[in-house]
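Okay, so here's the structure we're looking at.
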Amino acid sequence: MAKPIVAIVGRPNVGKSTFFNRIAGKRISIVEDKPGVTRDRIYTEAEWLNNTFTMIDTGGIEPDTQDIILSQMRRQAEIAIETADVIVFMVDGREGLTASDEDVANMLRRTKKPVLLVVNKIDTKDLPSSFYDFYQLGLGEPIPISSVNSLGLGDLLDEIIAKFPEDRDEIYEDDTIKVAVIGKPNVGKSSIINTILGEERVIVSDIAGTTRDAIDTPFTHEEDKYVFIDTAGIRRKSRIHENIEKYSVIRSFTAVDRADVCLLVIDASEGVTEQDTKIAGYAHEQGKSTIIVVNKWDVVEKDTHTMNQYIKDIKDKLSFMLYAPILFVSAKTKQRMYQILETIKFVSNQHAMRVQTGMLNDIIGEATLLNQPPSDKGKRLKIYYATQVSVRPPTFIIFINDRELTHFSYTRYLENKIREAFGFEGTPIWIQYREKGGDE
Ligand SMILES: Nc1nc2c(ncn2[C@@H]2O[C@H](COP(=O)(O)OP(=O)(O)OP(=O)(O)O)[C@@H](O)[C@H]2O)c(=O)[nH]1
Ligand SMILES: Nc1nc2c(ncn2[C@@H]2O[C@H](COP(=O)(O)OP(=O)(O)OP(=O)(O)O)[C@@H](O)[C@H]2O)c(=O)[nH]1
């Protein structure tokens, strides 16, 4: 499902972090590596009235010289414009309007994306007279809030939600395979995408009737429909894109949310990095299928062991997704590139595969005979039966006597047996337990 993205922009000290902490849910911090500085970017899920969305803090600005603050604010605004669906521009109601607020407002007025002007630190019901100055920014009605006292936050969240775009995935037919190409900057994502799109039997289609900027690239290959999710920044390298390419990680998370299949691109000369592990972990938790694509294989000096060593290293570092196929390619020499689409189609089918209940229970029955379920204090886990309740990812419910007796190692064992019997290559499998009273 497409989750809208909300970005918060504003001068240092206006209260962005305070606001963020008030509404943030589970956090994922993203490390941005810049020469000399390592900084955490914050990306979090938030929920209001059953609407879930992603919030990004475009970053704290180190209070330094006025020049640096200004250039960093511009950069924040660029990131927000490029990445977000709704932009929250926060100003300080105690300090009043400043010149740098005006500068950022000038940038934000030029985007077609919705911008909400939020005046923080209005801690009482009475608006100070300086509040009305903010109308000059030309960004509509200023919205007063107090993050510290939690005033006005509900109304603000209502307005944010009202500005969310229509669900953008509805434009694709159900049988379209949605692919996110993810990975660090410079690993070769755009080279891979462009090579695939340049293949003879690939036809790039237009998306008709959308008002949004075309951020995706739909195409067909031998009657099968695919779409590369969120390729705008990847394929067209605009000047702005150069500035914000570090944020490809944030974009990766949101692309994963919308995809069925993730291509995790790794640079063969670098191997698996910490950032790759983080994004792969996210894809796994979200139940997406993943293919690991080791690109730039042409630059690696190889002997007979090289590929196996790579496979071992990847399996060590990404040990939670041993199910992911690993491809070694070169977008430059086109070596094995044809395997990518084939594998996407294969893995997408595995992700959507349904198995018969009878066969499933035969497999589980055999598994419990071979290796008894765990017991505790004389009581043994009993497995009554299992059924697959959904796909994408394949999800199983196993009916048992007592949840307390389940153990992750036994769940892992059952998962392996299911995989041995049915495959499910490239996809995580979810197993849930339900207690069923008595021995009926
Ligand atoms: N009176 C008042 N103070 C606030 C409010 N919200 C935040 N503050 C204070 O303003 C100061 C700055 O808040 P932060 O949330 O750190 O500001 P920020 O915009 O995230 O700052 P940077 O991280 O430097 O970009 C802190 O001392 C907060 O306690 C508010 O609603 N009312
Ligand atoms: N030797 C070699 N170079 C490659 C290969 N694929 C891409 N490159 C080069 O690697 C550089 C980065 O490739 P891109 O396709 O722009 O990488 P990207 O991941 O899209 O980068 P960002 O848009 O910055 O995230 C370019 O100079 C490519 O020519 C490959 O298979 N082998």
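Values below: all heavy atoms of this structure, side chains included; hydrogens, waters and symmetry mates excluded. Note that ligands are numbered from 1 as they come in the structure, with each ligand's atoms numbered from 1 the same way. Quick caveat: nothing in here was measured; it's all calculated off a predicted structure.
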Which atoms of ligand 1 have any heavy atom of S146 under 4.0 Å away?
31 (O)

One residue to check: T18. Relative to ligand 1, which of side chain, backbone, both or neither has a non-hydrogen atom less than 4.0 Å away?
both

Is there a nitrogen or oxygen of V14 sitting under 3.5 Å from a nitrogen or oxygen of ligand 1?
yes

Proximity of I122 to ligand 1 by residue part, where a heavy atom lies under 4.0 Å:
neither

Report yes if V329 has an N/O atom closer than 3.5 Å to an N/O atom of ligand 2; otherwise report no.
no

Record the part of D298 in heavy-atom contact with ligand 2 below 4.0 Å; permitted values are side chain, backbone, both and neither.
side chain

Taking side chain as C-beta onward, heavy atoms only, is F346 less than 4.5 Å from Q339?
no

For ligand 1 and N149, I'd like to know whether there is a polar contact (N/O to N/O, distance under 3.5 Å).
no

Please list, in number order, the atoms of ligand 2 under 4.0 Å from a heavy atom of S191.
6 (N), 7 (C), 13 (O), 14 (P), 15 (O), 28 (C)

When you compare ligand 2 with N295, is there at least one nitrogen or oxygen pair between them that comes in under 3.5 angstrom?
yes

Just checking, is any N or O donor in the side chain of S269 or D267 under 3.5 Å from an acceptor N or O on the other one?
yes

Check: of V294, T195, N186, min heavy-atom distance to atom 21 (O) of ligand 2 comes from N186

Determine whether any heavy atom of M90 lies closer than 4.0 Å to an atom of ligand 1.
no

Looking only at atom types and distance, does a side-chain atom of N120 sit under 3.5 Å from a main-chain N or O of K16, one as donor and one as acceptor?
no

Aromatic rings Y413 and Y410: how do their planes relate, parallel, tilted or perpendicular, breaks at 30° and 60°?
tilted

With atoms numbered from 1 as shown, which atoms in ligand 2 lie under 4.0 angstrom from a non-hydrogen atom of V299?
1 (N)

D276 side chain reached by K317 side chain, heavy atoms, under 4.5 Å
no

Heavy atoms, side chains only, cut-off 4.5 Å: are I196 and F228 in contact?
yes

Answer yes or no: is there a side-chain heavy-atom contact under 4.5 Å between I177 and V227?
no

Could you tell me whether the side chain of I160 reaches within less than 4.5 Å of the side chain of P4, counting heavy atoms only?
no

Element-labelled atoms of ligand 1 that are located less than 4.0 Å from some non-hydrogen atom of R11:
19 (O)

Would you call V329 and I340 a side-chain contact if the rule is heavy atoms closer than 4.5 Å?
yes

Out of all atoms in ligand 1, which are within 4.0 Å of some heavy atom of R94? Include the element for each.
1 (N)

For S190, the ligand 2 atoms whose distance to one of its heavy atoms is below 4.0 Å:
14 (P), 15 (O), 16 (O), 18 (P), 20 (O)

Considering T124, N13, I145, which one's heavy-atom position lies nearest to atom 11 (C) of ligand 1?
N13

Are Y323 and H351 near enough that their ring centres are under 6.0 Å apart?
no

Is Y433 close to I431 at the side-chain level, that is, under 4.5 Å between some pair of heavy atoms?
yes

Heavy-atom nearest neighbour of atom 6 (N) of ligand 1 within options N21, L153, V119, N120:
N120

